Amino acid sequence: MDMRLLLFSLLIVPWTFCATARNQKTEPRNRGLSKVLDYEGLQTDGEVFMEARTPKKDAVVLDYEGPGEEDDQNTALEKKDADLPTCLLCVCLTGSVYCEEVNPEMKTVPALPKETAYLYARFNKIAKITNKDFADIATLKRIDLTGNVISEIEDGAFSKLDQLEELTLAENRLVRLPMLPPKLTSLNANHNRLKTKGVKANAFKKLRKLAYLYLGDNELEAIPPFPESLRVVHLHNNNITTLTDETFCKGNDTHYIRYNMQEVRLDGNPLVLAQHPNSFICLRALPIGHYK
């Protein structure tokens, strides 16, 4: 019996220690696995949490432009800045600038983009045109300054505009006309204060392409010489009192016919046309308008 107990003890005791050791080894392993799983879960949550707070990196754009292109961009920006004030006050389209009834009041000609071909600056408060206003704008073909308060135009203000064809100065306060550009085809100076002494003797005679001339509602006392190219001339409501056979025709040439002249208007002057029967003999049509 004692021998059996001894053998039983020798077998059970080691087995118990082995089982205990095995359990101790297994539990940490399991706990480790659970901890690893927990850490993985936390790590995953942490990654999401950090991603939500990670600031976005600024994109880096490499500049491969050479120094020449940079200079061109700077020049373009400077030009844009120079043109900006006028194009804020006015409407700037390709080759055209519209500055009509500008608010606040426009009292001088604005700085224009260099490619401007058509300028409409009507119904403002411009009082004077200087030689510098259009000095750098050689591309101008049409200028309309109707309805301003212009009383003075410096003599060389338009003389260098070689491409200018149409000039409108109607409804201003002019007492004299400046030198006109050579390629002018139309001049409208109706409703001013022009007198004969304010218009040079050959102001229009030298304009070989002038076709339309409007000088109505002024204070002219005589009719200036006209070029052969003239088609329409309006001189109504002036103070014209004299008319000769040489005004429109050539008194010593009875065969002369002024083919280009299509329309003459002289009504509203202290002039009796019946007293000058030979003054219109070369015209294709008599003057239009209402006469006494």
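Quick caveat, the model's predicted, so the values are computed rather than measured.
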Does Asn172 form a side-chain hydrogen bond (donor to acceptor under 3.5 Å, both in side chains) with Asn148? I'd like the steps, not just the answer.
CA-CA 5 Å; Asn172 281 282; Asn148 282 275; 4.7 Å; no

What are the two closest non-hydrogen atoms of [X] and [Y], and how far apart are they?
| X | Y | result |
| --- | --- | --- |
| Lys205 | Phe226 | NZ-O, 3.3 Å |
| Leu283 | Met261 | CD2-CG, 3.9 Å |
| Asn278 | Cys249 | O-SG, 4.5 Å |
| Thr196 | Ala222 | OG1-N, 3.0 Å |
| Leu187 | Leu169 | CD1-CD1, 4.5 Å |
| Leu230 | Tyr212 | CD1-N, 4.0 Å |

Within the 4.5 Å heavy-atom criterion, are [X] and [Y] side-chain neighbours or not?
| X | Y | value |
| --- | --- | --- |
| Cys282 | Arg258 | yes |
| His276 | Leu271 | yes |
| Tyr98 | Leu93 | yes |
| Leu164 | Phe134 | no |
| Pro113 | Val97 | yes |
| Phe204 | Pro225 | no |
| Leu210 | Leu180 | no |
| Thr146 | Phe123 | yes |

As an exercise, state the distance from [atom1] of [X] to [atom2] of [Y], rounded to the nearest 0.5 Å.
| X | Y | atom1 | atom2 | result |
| --- | --- | --- | --- | --- |
| Glu166 | Ser186 | CD | OG | 5.5 Å |
| Glu105 | Lys107 | CD | NZ | 6.0 Å |
| Arg122 | Glu100 | CZ | CD | 4.0 Å |
| Asn239 | Asn269 | CG | CG | 7.0 Å |
| Asn190 | Leu215 | CG | CG | 7.0 Å |
| Ile281 | Phe248 | CD1 | CZ | 14.5 Å |

Cluster question for you: counting only ILVMFWY and a side-chain heavy-atom cut-off of under 4.5 Å, with indirect links fine, are [X] and [Y] together?
| X | Y | answer |
| --- | --- | --- |
| Leu119 | Val102 | yes |
| Val232 | Leu207 | no |
| Leu266 | Leu286 | yes |
| Ile150 | Ile137 | yes |
| Leu273 | Ile223 | yes |

Between Asn192 and Asn218, does any side-chain donor sit less than 3.5 Å from a side-chain acceptor?
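Per modelled atom types, Asn192 and Asn218 side chains form no pair under 3.5 Å.
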
Give a yes or no answer on whether the side chain of [X] reaches the backbone of [Y] with a donor-acceptor pair at less than 3.5 Å.
| X | Y | answer |
| --- | --- | --- |
| Thr139 | Thr116 | yes |
| Thr244 | Glu246 | yes |
| Arg231 | Asn260 | no |

Which one of Leu174, Asn238, Val175 satisfies the side chain to side chain contact (heavy atoms under 4.5 Å, CB included) criterion with Leu194?
Leu174

Identify which one of Leu243, Asp245, Thr247 satisfies the side chain to side chain contact (heavy atoms under 4.5 Å, CB included) criterion when paired with Phe280.
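Testing each of Leu243, Asp245, Thr247 against Phe280, the sole residue satisfying side chain to side chain contact (heavy atoms under 4.5 Å, CB included) is Leu243.
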
Can you name the ring-ring contact (aromatic ring centres under 6.0 Å, His included) partners of His236, sequence neighbours left out?
His234

Using side-chain contact (heavy atoms from CB on, under 4.5 Å), reason through Ile129 and Leu145 one step at a time and then give a plain yes or no.
CA-CA 10 Å; Ile129 307 297; Leu145 297 168; 3.9 Å; yes

Count the heavy atoms of every other residue, nucleotide or ligand shown that sit under 6.0 Å from OH of Tyr259, and state whether that count exceeds 12.
no

Side-chain donor-acceptor pairs under 3.5 Å in residues 151-161, sequence neighbours left out?
{"unit_1": "Glu154", "atom_1": "OE1", "unit_2": "Asn131", "atom_2": "N", "d": "3.0"}
{"unit_1": "Glu154", "atom_1": "OE1", "unit_2": "Asn131", "atom_2": "ND2", "d": "3.2"}
{"unit_1": "Asp155", "atom_1": "OD1", "unit_2": "Met179", "atom_2": "N", "d": "3.0"}
{"unit_1": "Asp155", "atom_1": "OD2", "unit_2": "Lys200", "atom_2": "NZ", "d": "3.2"}
{"unit_1": "Ser159", "atom_1": "OG", "unit_2": "Gly156", "atom_2": "O", "d": "3.3"}

